[in-house]
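Take a look at the structure below.
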Amino acid sequence: MLRKYKIKNTNYIKLSKKKVEDNFFSLSKFLDEPLGDSSILPTYSLFKYAKKKKEKLVIGGDGGDESFFGYIIFDALYIASIIKKIFPKFVLNFLKNITSNLKESRDYMDFSFKIKKFFNGLNQNLLNLPDIWMSSLDENEFSDYFSSKKKNYIENFFKKKENLKKNKFMKNMQIYFFKYYLSNVLKKVDRGSMYNSIEYRAPLLSKNIINYGINKKNKFRFFKKKYNLRKVSKQ
């Protein structure tokens, strides 16, 4: 059964365990390559529900987090850039060992989970933190993988003049998410929609909005996610 929950004028759809399993096996028949993003399952399920309701077009907000600093990881990177300038490596290792013992609940991304993720790998290169935090690999596995195969491809990315904004760390990270993360998100959404014959549009990926997003006037604001977008929406 599909059950709807109306919260703050938004309809939330909850799938039964049986429905999730059915969607998983249906999706597995379509995928022609390994895909590590588990959120493709709820994405596929949402488009499947839209098809059942005979919808032809779905509009999404992809690109908004990249253009307007919406990801929580932007706040974490900002804090990390300050902490790494203040504390030596042995202090960061000490904090990692302490926080590694925190107990997590089953809630999605609870406070303990965020703290453990933050300090895990904090003694690594600052530019590698996005991949360390978002990866399922532990610190040692990550180090082995990058040293043997990719070896600081992020650093090489930022060494290119066209990708580097001097002394603008947060802007650099914004560009990184545009180039390396958004493409994976769009792959997931594109496939989830196509497998259900649904047209998908992302208006926040328009050229004008992206250009505004990476414009110097669109500054990062700590703990004020999507500040510029919210500001415009209130006008």
Side-chain angles (χ1 to χ4, degrees), residues 34-40 65-185 188 214 218-227:
L35 188 62
D37 189 348
S38 60
S39 63
I40 190 175
D65 288 313
E66 286 79 9
S67 290
F68 300 99
F69 295 104
Y71 292 124
I72 189 175
I73 199 171
F74 285 121
D75 291 326
L77 285 167
Y78 180 76
I79 297 174
S81 66
I82 297 175
I83 289 180
K84 288 177 69 64
K85 292 179 181 178
I86 299 174
F87 297 105
K89 193 172 182 178
F90 77 89
V91 174
L92 299 180
N93 285 329
F94 175 73
L95 293 173
K96 174 191 172 183
N97 292 333
I98 292 179
T99 57
S100 63
N101 295 321
L102 291 175
K103 292 184 178 180
E104 300 176 30
S105 70
R106 300 188 66 178
D107 295 335
Y108 175 69
M109 289 184 66
D110 69 345
F111 181 75
S112 295
F113 173 83
K114 293 176 183 176
I115 292 297
K116 290 172 70 173
K117 269 291 185 182
F118 178 77
F119 285 102
N120 179 38
L122 194 59
N123 55 1
Q124 297 283 333
N125 188 307
L126 187 63
L127 295 177
N128 286 338
L129 287 181
D131 279 345
I132 292 177
W133 286 339
M134 293 188 294
S135 173
S136 59
L137 303 176
D138 62 32
E139 183 182 352
N140 294 328
E141 291 172 332
F142 182 88
S143 297
D144 291 341
Y145 177 72
F146 272 79
S147 62
S148 61
K149 293 188 177 180
K150 292 190 176 180
K151 194 161 185 175
N152 297 326
Y153 78 97
I154 304 177
E155 292 182 28
N156 293 330
F157 168 71
F158 286 115
K159 285 179 181 178
K160 296 180 180 179
K161 292 182 179 180
E162 65 269 24
N163 296 327
L164 180 63
K165 293 179 177 293
K166 189 175 181 181
N167 298 324
K168 297 292 183 181
F169 173 69
M170 296 309 301
K171 280 294 182 180
N172 290 339
M173 296 291 24
Q174 182 188 34
I175 296 173
Y176 163 78
F177 270 85
F178 264 118
K179 187 172 180 64
Y180 289 108
Y181 185 72
L182 181 59
S183 58
N184 292 322
V185 175
K188 169 192 66 181
I214 60 178
N218 179 39
K219 297 180 180 179
F220 167 77
R221 286 171 172 79
F222 187 51
F223 281 153
K224 292 184 178 180
K225 297 179 180 61
K226 301 182 182 178
Y227 173 81

Report task. State whether the side chain of Glu66 and the backbone N or O of Gln174 hold a donor-acceptor pair below 3.5 Å, judged by distance alone. Result -> no
Query raised in the report: Going through the checks in order, is the side chain to side chain contact (heavy atoms under 4.5 Å, CB included) test met by Phe69 and Lys171?
Result: CA-CA 9 Å; Phe69 295 104; Lys171 280 294 182 180; 4.3 Å; yes
Query - Note, Lys96 side chain near Asn123 side chain (heavy atom, < 4.5 Å) - result: no
Query raised in the report: Yes or no on side chain to side chain contact (heavy atoms under 4.5 Å, CB included) for Phe118 and Trp133, after CA distance, side-chain angles and deciding distance?
Result: CA-CA 7 Å; Phe118 178 77; Trp133 286 339; 3.7 Å; yes
Query raised in the report: Can you find a heavy atom in the side chain of Ser67 that is under 4.5 Å from one in the side chain of Phe178?
Result: yes
Determine all donor-acceptor pairs shorter than 3.5 Å in which one atom belongs to a side chain in residues 82-92; sequence neighbours excluded.
from, atom 1, to, atom 2, distance (Å)
Lys84, NZ, Leu122, O, 2.7
Lys84, NZ, Gln124, O, 2.8

Query raised in the report: Any side-chain heavy-atom pair from Asp131 and Tyr176 closer than 4.5 angstrom?
Result: yes
**Report entry** Minimum heavy-atom distance between Ser112 and Lys103, given as atom pair plus value
**Finding:** OG-O, 3.0 Å
Requested in this report: Not counting sequence neighbours, list each pair that qualifies as a side chain to side chain donor-acceptor pair (under 3.5 Å) and has a residue in residues 73-82.
Outcome: Asp75-Lys225
Report task. May I ask you to decide if the ring planes of Tyr181 and Phe177 are parallel, tilted or perpendicular, using 30° and 60° as cut-offs? Result -> perpendicular
**Report entry** Interatomic spacing from CD1 in Ile98 to NZ in Lys116 - rounded to 0.5 Å
**Finding:** 14.0 Å
Query - Validation row: Leu77, Phe169 side chains within 4.5 angstrom (heavy atoms) - result: yes
Query raised in the report: Within a radius of less than 6.0 Å around CZ of Phe222, do more than 12 heavy atoms belonging to other residues, nucleotides or ligands occur?
Result: yes
Report task. Starting from the C-alpha separation in whole Å, work towards a yes-or-no answer on side chain to side chain contact (heavy atoms under 4.5 Å, CB included) for Asp65 and Phe74. Result -> CA-CA 10 Å; Asp65 288 313; Phe74 285 121; 5.7 Å; no
